[in-house]
Protein chains: 2
Amino acid sequence: MASADLRDGRIDLLTGQPVSGRVERADAARNRRKVLMAAQALFARRDPRSVTMDEIAREAGVGRATLYRRYPDPAAIATALLDEHERRVQEQLLSGDPPLGPGASPADRLIAFYEALVDILEQHLPLTLSAETGPRRFQTGAYGFWRTHISTLLAEAGLSATEALVDLLLAPLAPDLYEHLRHQRGLTPEQIVDGLRILAHQVLTTHP
Amino acid sequence: MASADLRDGRIDLLTGQPVSGRVERADAARNRRKVLMAAQALFARRDPRSVTMDEIAREAGVGRATLYRRYPDPAAIATALLDEHERRVQEQLLSGDPPLGPGASPADRLIAFYEALVDILEQHLPLTLSAETGPRRFQTGAYGFWRTHISTLLAEAGLSATEALVDLLLAPLAPDLYEHLRHQRGLTPEQIVDGLRILAHQVLTTHP
DNA sequence: GGTTAACTGGACACGACGTCCAGTTATTCC
DNA sequence: GGAATAACTGGACGTCGTGTCCAGTTAACC
């Protein structure tokens with residue numbers, strides 16, 4: 001069975017690396033890197049939502065079973081590629097300088113968070129489109145992290161009673177929407193941040 | 001060619017009916033209805049995003065070419081089914097009673113709009129998931145209509161300068177998100193409306 | 001350096017896609 | 001009312017992607 005390791009949990013679903021304690025074979029590591037590089041190029045070159053496992057395998061010069069051994073679908077590969085960037089923001093949220101890190105007002109922190117995520121969207125839109133499109137978006141670890149963060153900010157601002165608000169405030173960061181604003185409607189990242197800034201400011205600074 | 005009529009514009013992409021001036025043949029009308037009924041049942045029964053043209057044809061007892069003659073994909077069928085409901089809201093926005101129709105404050109009208117769309121999402125979630133998921137969402141006529149409406153409300157409230165805000169305020173109504181809130185997070189429609197109400201109120205009533 | 005376990009690539013069957021063609025049926029015109 | 005015409009229909013076809021399996025190969029460990 002090609003993906004027995006995946007099913008048995010001997011391979012990390014997120015990074016595609018063997019779980020801790022196991023040593024990755026040299027040839028396996030080499031191929032993993034080839035796959036990631038090839039996938040990144042493909043996602044950037046064409047519509048990321050229509051990239052297939054076949055294509056990635058061909059582009060990487062690797063058999064299909066080799067791909068399935070680590071990643072169940074193209075979205076998982078995009079998630080692995082994105083992980084590094086999102087993790088960096090997560091660290092700054094927890095222990096970075098204000099206003100992204102602790103210390104600033106909830107409104108300012110939300111604005112800084114919006115800016116940081118717009119930055120990720122702007123720099124890695126193909127990856128986010130592939131990894132966080134549709135229902136997948138809500139199941140990634142990153143989404144859970146953002147939820148917790150916003151939830152904390154809302155609590156600080158005295159808005160903790162409204163369960164849904166957290167996700168409603170994350171909705172404007174959907175990659176699909178960002179692509180539409182940038183490429184269909186022709187807006188600049190600055191214009192998008194302007195809109196988000198108003199949103200954050202209005203929701204978190206004045207409330208009756 | 002099976003879908004020559006579709007390509008030549010002799011068939012309405014939205015409803016699947018012949019363009020005005022043409023008379024629909026009796027057997028064609030019968031089959032169109034069979035297709036719509038079968039599709040609605042199918043969308044409701046299983047994950048609407050994975051329903052295929054094959055299945056719909058089988059369920060309707062109709063050949064595949066008959067399907068492709070009118071609809072290019074399952075999403076188009078869902079759009080046709082949704083159209084009626086969305087059109088009703090659109091009429092009320094233009095000439096219905098306040099607060100949905102003209103006459104109320106922008107904030108109250110936005111809240112009423114949110115409530116109306118949550119109602120559609122609640123009653124026809126499978127259809128909206130199929131019709132308005134991913135990038136398709138922004139290309140439907142309905143989305144354009146909602147945009148225009150919100151844009152008007154923002155202008156009335158003196159927020160017309162911020163281009164992106166319109167779409168940011170529509171983002172929380174994405175069907176994918178609604179499904180997540182309802183079925184993954186277990187929120188009630190009332191809780192979701194509560195969140196939207198805060199959003200609308202905060203953005204549209206007080207601004208510096 | 002031999003044994004063991006992991007890794008790899010290609011083959012396989014399946015299902016969905018979108019198109020095409022030939023037969024059938026409704027509408028139009030006289 | 002019946003023939004001519006155009007529209008409609010269903011099944012077949014080739015293509016592509018999927019996910020799995022197997023047998024050969026290669027690296028790690030003792």
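Heavy-atom basis, side chains included; hydrogens, waters and symmetry copies ignored. These numbers were taken from a predicted model, which means no experiment stands behind them. Letters go in sequence order (proteins before strands), and every chain restarts at 1.
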Quiz item: With distance as the sole criterion, is a donor-acceptor pair present between the side chains of B:Tyr143 and B:Asp167 under 3.5 Å?
Solution: yes

Quiz prompt | SB check A:Asp194 A:Arg197 (cutoff 4.0 Å) | solution = yes

Side chain of [X] - closest among [options]:
{"X": "B:Val62", "options": "D:dT9, D:dT18, D:dG10", "answer": "D:dG10"}
{"X": "B:Tyr68", "options": "D:dC21, C:dA16, C:dT19", "answer": "C:dT19"}
{"X": "A:Ala28", "options": "D:dT18, C:dT8, D:dT9", "answer": "C:dT8"}

Please table the atom pairs, donor to acceptor, closer than 3.5 Å between any side-chain atom in residues 122-130 of chain B and protein atoms at least two apart or in another chain.
from	atom 1	to	atom 2	distance (Å)
B:Glu122	OE1	B:Tyr178	OH	2.5
B:Glu122	OE1	B:Arg182	NE	2.9
B:Glu122	OE2	B:Arg182	NH2	2.8
B:Gln123	NE2	B:Asp119	OD2	3.4
B:His124	NE2	B:His85	NE2	3.4
B:Thr128	OG1	B:Leu125	O	2.9

Practice problem: Report which part of the nucleic acid B:Asp27 touches: base, sugar-phosphate, or nothing (heavy-atom distance under 4.0 Å, all strands). | Solution: sugar-phosphate

Phosphate oxygens OP1/OP2 of [N]: is one of them under 4.0 Å from a side-chain N or O of [X]?
{"X": "B:Thr66", "N": "D:dC8", "value": "no"}
{"X": "B:Arg58", "N": "D:dG10", "value": "no"}
{"X": "B:Asn31", "N": "D:dT9", "value": "yes"}

Quiz item: Which residue lies toward the 5' end of DNA chain C, B:Arg30 or A:Ala29, if each is placed at its nearest nucleotide?
Solution: A:Ala29

Practice problem: Would you indicate whether A:Arg45, at its atom CZ, is surrounded by more than 12 heavy atoms from other residues, nucleotides or ligands within a distance under 6.0 Å? | Solution: yes

Practice problem: Kindly say whether, by distance alone, the side chain of A:Arg64 makes a donor-acceptor pair under 3.5 Å with the base of C:dG10? | Solution: no

Quiz item: Whole Å only: how far is the CZ atom of A:Arg32 from the C1' atom of C:dT8?
Solution: 16 Å

Practice problem: Check the distance between C:dT8's P and A:Tyr71's OH and give it to me in whole angstrom. | Solution: 11 Å

